[in-house]
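Beneath this line is the structure, given in structure tokens, with notes to follow.
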Amino acid sequence: MVTAIKERITLDVTAQEYREFQPEHILTVKNLEIFYGEKRAVNGISMDIGKNNVTALIGPSGCGKSTFLRSINRMNDLIPGARAEGEILYEDLNILSDDINVVALRKEIGMVFQKPNPFPKSIYENITHALKFAGMKKKSVLDEIVEESLQKAALWDEVKDRLHKSALSLSGGQQQRLCIARTIAMKPTVILLDEPSSALDPISNAKVEDLIVDLKKDYSIIIVTHNMQQASRISDKTAFFLSGDLIEYDDTEKIFTNPSVQKTEEYISGRFG
Amino acid sequence: MEKLLPARERLLKSKKSSLDGEFRGKIMVILCAVLMISATIAITIFLGTKGLQSFTKNGISIIEFLTSTKWNPTDKANPAYGVLPFIFGSFAVTFLSALIAAPLGIGGAIFMTEIAPSWGRKILQPVVELLVGIPSVVYGFIGLTVLVPFIREHVGGLGFSLLSGTIVLAIMILPTITTIATDAMSSLPNHLREGSLALGATRWQTIRKVLVPAALPSLLTAIILGMARAFGEALAVQMVIGNVRNLPSSILDASATLTTIITLNMGHTTYGSVENNTLWSMGLILLIMSFAFILLIRYLSSRRKVR
Ligand SMILES: Nc1ncnc2c1ncn2[C@@H]1O[C@H](COP(=O)(O)OP(=O)(O)OP(=O)(O)O)[C@@H](O)[C@H]1O
Ligand SMILES: [Mg+2]
């Protein structure tokens, strides 16, 4: 009797509702080590990533932030000789294991890169590119998603009259928002952002920051940034990395006002070295 | 740096220094450039005047020359100078060989750059380089001894045919297409690849919908350079194509191309004769075609810069 009800419940809940029932952690990292050949770039880190949070990764150049971020949607698979040990649990599934379908994984864990990388196609096609592979072919549906994701990325008003012009004709800041839009269009659960505003002017940067805070409602966001103000402005939690180690991970407010480790303090106050 | 001299002495261009090494080097490279340009112009002018003589001096009609299918310059009473069969032959072997070599070459390039960048390249690269190094007479010889009998026995016809010429040419232009296509694919920025994969596209979807379209102008350039080579190749084709003067009616028929007719006949015609002049006219057609190929490549590379 009880099992029957349970079954009915599990069958009835939609994916959306199911997500809402989930515990507050979207990802759990356990003893993650990442190697490039013999060289270890990430030294056994463990952390929980909050659901519907913005988690900022900070630390000096070369400390392994990008390496960690790219391991979350298995982009490191593309680098010959790169391998990861330990676990990253996503809904209790270790996404580092060999039997993970990385193509499906990347639809749920999207990524935006440091350098805007629109495809040399039209703005419209940049967004529909991956949607078509996900089986969406109907024009009316595609049109709707294009508009919706461009709206969310705060780009719609600027490009609605030239959706079929080349994406390369956009400014750098617009290109980056387009890249965010095409990631949102896939309706992922997690969005990884690797220094998304490092190539942007302050105005575009402010737009991207507003956008990230806005996206938090629907997505869990992990962002790498070198900009301390940015981290303190937009993130809920901050993780400080130093040469492959996770030195401190706490609420952003705590990290920026009263860090418990001296190295963190030195780094965020710019007295590092 | 010591600043004992006033700025005027240190920074103004002196008359003397412009006359030493700097200047001599400049003169030398300008001379090289002038030499190359004048050689090209001289060849063009020579071929232009010689090539037009059959129309201006010998009074052959250009229309007839280009559209008639009858070629019989040695008939004393009633000579005919239609080169359409050879123009057709040249274009036929060029397009057909590109049709075979382009998918193979681009496929090989994709294999080397996208599918198996480490070992694939290590194996295919030397193969391609070897193919470049084989002289055309050897290709012709192999075609003559292997391909022609094979086609005669298993496909039909005499073996000497458009098909044989096409296949030999396809193999000859394959390395050109593969090399340039490989360069084009591997010079695509990595972030294009990653951008598509990060959205959950598969590798094949990424190749088909992002990488090949992005490299398309360069890939077309690769094909056109291959075609230019096929259009101008004489020796190997001549050995397998059969060299008849009729318009072929099937791919298994023997045929001839502009280049094969020139190489076959230039030895036994006397300089200044009508027949010799018509050979020059055919040479002029080849030159015009190679200009056309260059223009096409220019056009494509200008499109690439815009993107
Ligand atoms: N493809 C690679 N092959 C080998 N080593 C690499 C590779 N990518 C990164 N590394 C090394 O791994 C370490 C961490 O690099 P990573 O790119 O993760 O640093 P980062 O924290 O993102 O730095 P930055 O702030 O400059 O982007 C560095 O020592 C780097 O040299
Ligand atoms: Mg980085």
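It should be emphasised that the depicted structure is a prediction, and the values quoted were computed from it without experimental measurement. We use all heavy atoms of the structure for the numbers below, so side chains are in, but hydrogens, waters and symmetry mates are not. Chain A is the first sequence line, chain B the second, and so forth, proteins listed ahead of strands; every chain is numbered from 1.
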Walk me through it: do V29(A) and F68(A) pass the test side chain to side chain contact (heavy atoms under 4.5 Å, CB included)?
CA-CA 10 Å; V29(A) 181; F68(A) 170 46; 3.9 Å; yes

Thinking salt bridges, do K115(A) and E195(A) make one under a 4.0 Å N-O criterion?
no

Could you walk me through whether L193(A) and I212(A) pass the side chain to side chain contact (heavy atoms under 4.5 Å, CB included) check?
CA-CA 10 Å; L193(A) 300 152; I212(A) 291 168; 3.8 Å; yes

Which region of S196(B), side chain (C-beta onward) or backbone (N, CA, C, O), has a non-hydrogen atom less than 4.5 Å from a non-hydrogen atom of chain A, or is it both or neither?
both

Test side chain to side chain contact (heavy atoms under 4.5 Å, CB included) on L225(B) and R229(B) and set out the steps.
CA-CA 6 Å; L225(B) 277 172; R229(B) 173 146 194 233; over 6 Å; no

Part of K132(A) within contact of chain B (heavy atom distance under 4.5 Å):
neither

For F119(A), which atoms come within 4.5 Å of any heavy atom of chain B: side chain, backbone, both, or neither?
both

Identify which part of R182(A) has an atom lying under 4.5 Å from any heavy atom of chain B, answering side chain, backbone, both or neither.
both

Residue from R203(B), Q205(B), R193(B) scoring the most non-hydrogen pairs under 4.5 Å with chain A is Q205(B)

Other residues, nucleotides and ligands only: do more than 12 of their heavy atoms fall within 6.0 Å of CZ on R162(A)?
yes

Proximal component of S166(A), with respect to chain B [non-hydrogen, under 4.5 Å]
neither

What part of P118(A) gets closer than 4.5 Å to chain B, counting heavy atoms only: side chain, backbone, both or neither?
backbone

Return the option, out of Q114(A), K121(A), R74(A), with the maximum number of heavy-atom pairs under 4.5 Å with chain B.
K121(A)

Measure M186(A) against the heavy atoms of chain B and call it side chain, backbone, both or neither at under 4.5 Å.
side chain

Using modelled atom types only, decide if a donor and an acceptor are shared between the side chain of N205(A) and the backbone of S197(A) within a distance under 3.5 Å.
no

Looking only at non-hydrogen atoms, find the nearest pair between T178(B) and A109(B) and report the distance.
O-CB, 4.1 Å

Comparing N190(B), L197(B), T202(B) against chain A, the one with the most heavy-atom pairs below 4.5 Å turns out to be L197(B)

